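Okay, so here's the structure we're looking at.
Keep in mind that this is a model prediction, so the values were computed, not measured.
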Amino acid sequence: MEQMLIYFTLGCAALAILYGVITRKSILALPAGTEKMQEIASAIEEGAKAYMNRQYTTIAVTAVVLAITLFVAYMMINKGMLFASFMTGGFLMGAILSGLAGYVGMFVSVKANVRTAEAARSGMAAALSVAFKGGAITGMLVVGLALAGVTLFYVLAKSYEGMIPTLAGVAFGSSLISVFARLGGGIFTKAADVGADLVGKIEAGIPEDDPRNPGVIADNVGDNVGDCAGMAADLFETYAVTIVASMLLGHLLFAGNSLAILYPLVLSGAAIIASIIGTYFVKVGADNNPMKALYKGFYVATALTTFAIFAVTNLLLPEGLTQGATVISNLNLNISALVGIVVTLGSVWITDYYTSTEYGPVRYVAKASETGHGTNVIAGLAVGMKATALPVILICFGILASFMVGNLYGVGIAAVAMVSMAGIVIALDAFGPITDNAGGIAEMAEMDPEVRKITDPLDAVGNTTKAVTKGYAIGSAGLAAIVLFSSYVMDLNSAAIEAGNTALASMESLKALFSLSDPFVLVGLFIGGLIPYLFGAFAMEAVGKAAGSVVEEVRRQFREMPGIMAGTQKPDYARCVDIVTASALKEMMIPAVLPVAVPIILLLLGKTFDMNQFAAVKMIGGLLVGSIVTGLFVGISMTSGGGAWDNAKKYIEDGNCGGKGSFAHQAAITGDTVGDPYKDTAGPAINPVIKILNLVALLLVPFLVS
């Protein structure tokens, strides 16, 4: 039975990869447009590849140093050569696969963008089809790689006694690369976007993506390395970490029952089949509405995933799971999974409401733009803050409902049900930057204005789907982080028993340590609550510094090369690409290392000063909870608020509130300038930060009990 389930899971992963390979071939077979279009697309692709190569070279050095540190540290506390090798190998495997997911995202988007622009000549249906297929390639390859990687490592780890906990190494490797890719790509894309817009739109009065703007190629490169590559690595991490966390929880709660460990893998595999089927339902109807077309595919995939989850649960665990006093019935497992699906749908609907041009929040920001830049910024901040309420209430519902019916394992299964939809959700997300690039290519290649009438609405829809994906990722991070924190407590107990630490060997006494009246727990809560704010500040500052450099360079070229505006001289696009590349690589290091360093510092602090026998255990426990709470609020506020600012600008550009060139439009550009690093740099990167903190805590457990 176990062998068959592993074959099934690997088969589903292979199917996802095969879908990506075949669809990629069909995309590349499509016409790539005129020679000028191909020249522009080639420049974007060259810039994206150059940045990705430099970024991953930098990350590789960090990963190797951390891998050596992991190996040496586990050897020092006598965990043995085998355990240290598995943990280090898992870390490297997760890091390599996460990096590969980022490359997949970048490579697909730079091939699909120009073909989407060319397809737009034939109308909305053709352009949407190409852009969505490009996104679906990324989505299916990401989940296929993640599921195959986790499954294969589990098979290897299970062959040796005591190695299943080293699955945490795979999760840690994928999270670390994710935060670097998300942050570095986010700094690049938003620095280029903000710098180009501030000078081009406001000072020079030229349209977005105008070929006379020296920053325009860097802007389009950024869409690929940030919104596609960074997003792919981020969702790979979300998918892999959630599955691993649930598997570890199953291992701890139902010792010796391999079905409790395999269940999350099989659920994820079945959902891949449902997502692939859903992609074939994305077609524009008679109303020519692209959002309806995208959501039709998503809802079909959701319905099929729900059916698949029930089928898997009933076939695999007809009697549920039992271990001592812990009993979870088949019905309760199904309900837990259904809760995850409900939270997913709720996250999509809520984020759509706050970021779509069809609803009140975005139109409120647009209306506020009529009275000035300040009122636009005030309105955008207010929308971002209000946008946290419903998602947090929804997550609270998800945690309580799944816990009441399925205990901690039920929360884990709810989280797995959420991320099992990642394939189709990533397709919706990657659709956005592809259409954004398509519009840029159409403008720079001076294609027929009718093409922009196709790509611009698709781009606006893409802004909403990108925001939806970020809300989905942060929501799933909330559930996954609770599971990881529970694993931290249970792992402490198991490690204490193994190490002969009688003070921590009792689960009751261990839970009693995390009292809110304990100053060490409170210190941990405060530090954990600080990290998302501090991380967000570093990320925003990084974009500001890099964007300032782009502004100076664009101004210099306009000033020293007057032929640019006259159309007789070609801008130096490469210079702007070089500026943001160097800045992004430099500025990403400190904030990316922050979530790794802080738990280690607290461990050393507690051990060095021996303020209290359990000071480090308590402070790290508080750190995890504090980061989860504030991270959810900061992440949701930034991503939803930024999406509202961006689409308010597009709503005005569609002829509302004065239209393009109006005072309201200028104010909306300012708001979008603030919202861009909010939604595409700082906000989404908080998702992996929360999970890195939790995973580092898991890795530190042997050191805490020794």
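Under the 3.5 Å distance criterion, the side-chain polar atoms of S420 are left unmatched by any main-chain donor or acceptor of S268. For the pair S178 (side chain) and S174 (backbone), a donor-acceptor distance under 3.5 Å is absent. T242 places no side-chain N or O within 3.5 Å of a backbone atom of Y239 that could act as its donor or acceptor partner. Using modelled atom types, one side-chain atom of S109 and one backbone atom of M106 make a donor-acceptor pair closer than 3.5 Å. At least one donor-acceptor pair under 3.5 Å links the side chain of S246 to the backbone N or O of G412. Proximity of a side-chain donor or acceptor of S98 to a complementary backbone N or O of G94 within less than 3.5 Å is not detected. Looking at S583, its side chain never comes within 3.5 Å of a backbone N or O of I579 through a donor-acceptor pair. Although no hydrogens or angles enter the test, the distance criterion places no donor-acceptor pair under 3.5 Å between the side chain of S42 and the main chain of Q38.
Contact detail for L249 and S486: the closest heavy-atom pair is CD1-CB, 4.4 Å. Between L699 and A168, the shortest heavy-atom distance links the atoms CD2-CB, 4.2 Å. In terms of heavy-atom proximity, G134 sits nearest to A112 at CA-CB, 4.2 Å. Smallest separation of non-hydrogen atoms from M93 and G149: CE-O, 3.0 Å. Closest approach of A542 to I187, counting heavy atoms only: CB-CD1, 3.6 Å. When every heavy atom of A196 is checked against every heavy atom of V550, the shortest pair comes out as N-CG1, 4.1 Å.
Note that the OG1 atom of T62 and the CZ atom of F180 stand 4.5 Å from one another [nearest 0.5 Å]. To the nearest 0.5 Å, the span separating CG on L156 from CE on M163 amounts to 10.5 Å. Rounded to the nearest 0.5 Å, atoms OH (Y154) and OG1 (T9) are 10.0 Å apart. Note: I527 CD1 to L624 CG = 12.0 Å, rounded to the nearest 0.5 Å. To the nearest 0.5 Å, atoms CD1 (I474) and CG (L479) are separated by 13.0 Å. Note that OG1 of T23 and CG of L18 are 8.5 Å apart. Values are rounded to the nearest 0.5 Å.
Residues L698 and S487 are in side-chain contact: their nearest non-hydrogen atoms beyond the backbone lie under 4.5 Å apart. Residues I426 and F236 have side chains not in contact (no heavy-atom distance under 4.5 Å, counting atoms from C-beta outward). At a threshold of 4.5 Å between non-hydrogen side-chain atoms, the residues T639 and P684 count as touching. Residues E46 and V577 have side chains not in contact (no heavy-atom distance under 4.5 Å, counting atoms from C-beta outward). Side-chain atoms of F91 and L176, non-hydrogen and from C-beta on, do get closer than 4.5 Å to each other. The shortest side-chain heavy-atom distance between I590 and L594 does not fall under the 4.5 Å cut-off. Looking at heavy atoms from C-beta onward, L198 lies in side-chain contact with T673 at the 4.5 angstrom threshold. Within the 4.5 Å cutoff, side-chain heavy atoms of P165 are placed close to those of H251.
The ring pair (Phe, Tyr, Trp, His ring centres under 6.0 Å) contacts involving residues 45-64 comprise Y51-F188, Y56-Y103, where partners must be two or more places apart or lie in separate chains.
Under the side chain to side chain donor-acceptor pair (under 3.5 Å) criterion, T469 pairs with D429, sequence neighbours left out. Partners of Y488 according to the side chain to side chain donor-acceptor pair (under 3.5 Å) rule, which considers only residues two or more places apart in sequence or in another chain, do not exist here. Shown here are the side chain to side chain donor-acceptor pair (under 3.5 Å) partners of S175, two or more places apart in sequence or in another chain: E237. Residues forming a side-chain contact (heavy atoms from CB on, under 4.5 Å) with K545 (at least two apart in sequence, or on another chain): E587. Shown here are the side chain to side chain donor-acceptor pair (under 3.5 Å) partners of E45, two or more places apart in sequence or in another chain: K49, K111.
Of the options L183, L530, I690, V634, a side-chain contact (heavy atoms from CB on, under 4.5 Å) to F535 is made by L183 and by none of the others.
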- Query: Going through the checks in order, is the side-chain contact (heavy atoms from CB on, under 4.5 Å) test met by L704 and L603?
  - Reply: CA-CA 7 Å; L704 290 167; L603 169 68; 3.4 Å; yes
- Tell me, with the steps shown, if N687 and T238 meet side-chain hydrogen bond (donor to acceptor under 3.5 Å, both in side chains). CA-CA 8 Å; N687 170 29; T238 296; 3.0 Å; yes
- Task: Could you walk me through whether I441 and I44 pass the side-chain contact (heavy atoms from CB on, under 4.5 Å) test, one step at a time?
- Result: CA-CA 10 Å; I441 291 170; I44 295 170; 4.1 Å; yes
- Begin from the C-alpha positions of F71 and M87 and carry the test side-chain contact (heavy atoms from CB on, under 4.5 Å) through to its verdict. CA-CA 8 Å; F71 183 82; M87 188 65 81; over 6 Å; no
- Message: Working note: V150 + M247, criterion side-chain contact (heavy atoms from CB on, under 4.5 Å); need CA distance, chi angles, decisive distance, verdict.
- Response: CA-CA 10 Å; V150 172; M247 292 173 72; 3.8 Å; yes
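Between D193 and K190 there is a salt bridge, since at least one side-chain N of the basic residue sits less than 4.0 Å from a carboxylate O of the acidic one.
Ring geometry, F86 versus F153: the interplanar angle exceeds 60°, so the pair is classed perpendicular (tilted spans 30 to 60°).
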